[in-house]
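Note that ligands are numbered from 1 as they come in the structure, with each ligand's atoms numbered from 1 the same way. Keep in mind that the numbers below use all heavy atoms, side chains included, and drop hydrogens, waters and symmetry copies. No experiment lies behind these values; they were computed from the predicted model shown.
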Amino acid sequence: MPAELIDGRAIAARIRAEVSAEVATLKVGGVVPKLTVVLIGDDPASAVYVAGKGRACVEVGMSEDTIRLPASTSQPELMRLLDALNADPSVHGILVQSPFPPQIDASAVIRRIDPSKDVDGFHPVNVGKLMAGDRDGFVPCTPAGIQELLRTCDVRTRGLHCVVVGRSNIVGKPMAALMMQDTPTGNCTVTICHRYTTDLASYTRTADILITAVGKPGLITADMVKPGAAVLDVGITRIPDATRKSGTRLAGDADFEAVREVAGLITPVPGGVGPMTIAMLLRNTVRAAQRLAVA
Ligand code: NAP
């Protein structure tokens, strides 16, 4: 029997509705949650992501501001802008869209954002809180969204083996940290794989929960998946597809149709993990506004 599909769009819509209600409550108290996105340069993919985030904010009643800076922006100019946003009480969440131009030191940018406004959850303070199991920090949006998918689908994670393929700071590492925490949605035994892992399949085949965040379509084949496993596919890559009018389509890391025959639960690409990322960004921003409102 093919795996059950995890409908990320429907689950994300529910979270957006919850956020919308929380925004309405904050507004009664005179607080309008606001996300400020800084976009440097004219990378077309970044512009599309940023536009999507802006639309999502407006849809839940939040305020959104996108500050567009030229690709020639210097590090000190960007730092001054971040200082001003940190000090602005009307701004609750700050996000600097990656990738950055080469003259910008990405880790210095992340460190400059006030951790209480770091709704991406990339600041070392928030990373440390996640590792320490302190729930007071912001958790990066994609891993938080995946945990929400597992929770909604009633996957009892305790004692399961979770294999995370990919160790980036934005997905793989925080994902692994979340799944090993002593929480109702954690308590897994976690294995992290990367490009130096020898015999990837020998690890993935033992995964009850397989989370893949690589960006290589077809990396995960059906014979690499344990029967009945939950497969969460973070990968998004545009590949040629002559059957589509556009000539392309989006693909995850898993060979979807074949893996679906083996897995018990699986996220499609698109429509699985992707919609959750923006939903969790909205949730983090409303949390930031709630905390700053009582601070
Ligand atoms: P990344 O920074 O490029 O990290 C990719 C990871 O995959 C690295 O840790 C790399 O290992 C590992 N890797 C590469 N080849 C491998 C192989 N053959 N076997 C095992 N591991 C391998 O990418 P990312 O930012 O984490 O994103 C990963 C994918 O998820 C991309 O397709 C991206 O577009 C997508 N994404 C989707 C969402 C969403 O909302 N759905 C959000 C973020 C990212 P090394 O560390 O050894 O290089």
Side-chain angles (χ1 to χ4, degrees), residues 5-9 11-13 15-16 37 43-53 55-56 95-100 106-107 110 119-122 127 138-150 162-179 190-207 210-221 223-225 231-239 248-256 259 266-284:
L5 282 186
I6 301 178
D7 186 347
R9 285 198 183 102
I11 298 168
I15 290 168
R16 286 177 188 226
V37 180
D43 176 54
S46 297
V48 171
Y49 293 143
V50 166
K53 288 168 186 174
R55 270 196 308 276
L95 183 159
V96 186
Q97 183 67 43
S98 62
F100 304 130
S107 60
I110 290 166
V119 286
D120 259 341
F122 297 160
V127 175
F138 288 112
V139 175
C141 303
T142 302
I146 289 172
Q147 252 197 345
E148 189 66 34
L149 291 177
L150 290 168
C162 175
V163 174
V164 180
V165 188
R167 58 173 167 186
S168 70
N169 288 340
I170 64 168
V171 190
K173 282 181 198 159
M175 188 76 248
L178 273 179
M179 298 308 293
V190 179
T191 300
I192 307 175
C193 300
H194 44 76
R195 75 183 193 287
Y196 296 111
T197 298
T198 51
D199 195 4
L200 180 63
S202 68
Y203 297 95
T204 59
R205 268 189 217 117
T206 65
L210 175 59
I211 302 173
T212 173
V214 175
K216 289 194 175 160
L219 178 73
I220 305 297
T221 51
D223 61 322
M224 294 169 74
V225 175
V231 178
L232 290 297
D233 193 344
V234 185
I236 304 180
T237 310
R238 189 162 287 284
I239 59 168
T248 64
R249 70 179 165 90
L250 295 177
D253 294 338
D255 178 4
F256 181 77
V259 169
I266 190 166
T267 54
V269 177
V273 174
M276 295 302 289
T277 299
I278 291 190
M280 301 317 278
L281 175 67
L282 299 174
R283 183 183 270 181
N284 276 353

Participant: Under 4.0 Å from a heavy atom of Leu219: which atoms of ligand 1 are those, numbered in the order shown and with their elements?
Facilitator: 18 (N)
Participant: Tell me the closest heavy-atom pair linking Arg9 and Pro275, and the distance in Å.
Facilitator: CG-CG, 3.8 Å
Participant: With rounding to the nearest 0.5 Å, note down the distance linking OG1 in Thr142 to CD1 in Ile211.
Facilitator: 11.5 Å
Participant: Less than 4.5 Å apart, side chain to side chain, heavy atoms only: is that true for Thr212 and Leu232?
Facilitator: no
Participant: My understanding is that only one of Val225, Asp223, Val163 makes a side-chain contact (heavy atoms from CB on, under 4.5 Å) with Arg205; could you say which?
Facilitator: Asp223
Participant: I'd like to know whether ligand 1 has Thr197 as a neighbour, heavy-atom separation below 4.0 Å.
Facilitator: no
Participant: Measuring to protein heavy atoms, does anything land under 4.0 Å from atom 27 (O) of ligand 1?
Facilitator: no
Participant: Can you tell which of Arg195, Met175, Lys173 gets a heavy atom nearest to atom 16 (C) of ligand 1?
Facilitator: Arg195
Participant: Select one of side chain, backbone, both or neither to describe which atoms of Val214 lie under 4.0 Å from any atom of ligand 1, heavy atoms only.
Facilitator: both
Participant: Measuring from the heavy atoms of Gly235, does anything fall under 4.0 Å of ligand 1?
Facilitator: yes
Participant: Take atom OH in Tyr203; do more than 12 heavy atoms of anything else shown fall under 6.0 Å from it?
Facilitator: no
Participant: To check you understand the geometry: which heavy-atom pair defines the closest contact between Ala251 and Pro217, and what is its length?
Facilitator: CB-CB, 4.1 Å
Participant: Who's the nearest protein heavy-atom neighbour of atom 12 (C) of ligand 1, and how far?
Facilitator: Gly166 CA, 4.0 Å
Participant: With a heavy-atom distance limit of 4.0 Å, tell me whether Thr142 approaches ligand 1 through its side chain, its backbone, both, or neither.
Facilitator: side chain
Participant: Using a 4.0 Å heavy-atom cut-off, say whether Ile236 meets ligand 1 through its side chain, its backbone, both or neither.
Facilitator: both
Participant: Could you tell me which atoms of ligand 1, counted from 1 in the order shown, lie closer than 4.0 angstrom to a heavy atom of Gly215?
Facilitator: 29 (C), 31 (C), 32 (O)
Participant: Counting each atom of ligand 1 from 1 as listed, which ones have a heavy atom of Val165 under 4.0 Å away?
Facilitator: 20 (C), 21 (N)
Participant: Going by the order shown, which atoms of ligand 1 are within less than 4.0 Å of some heavy atom of Ile170?
Facilitator: 25 (O)
Participant: Report the part of Lys216 in contact with ligand 1, treating N, CA, C, O as backbone and CB onward as side chain, heavy atoms under 4.0 Å; options are side chain, backbone, both, neither.
Facilitator: side chain
Participant: Show me which atoms of ligand 1 lie under 4.0 Å from any heavy atom of Gly274.
Facilitator: 40 (O), 41 (N)
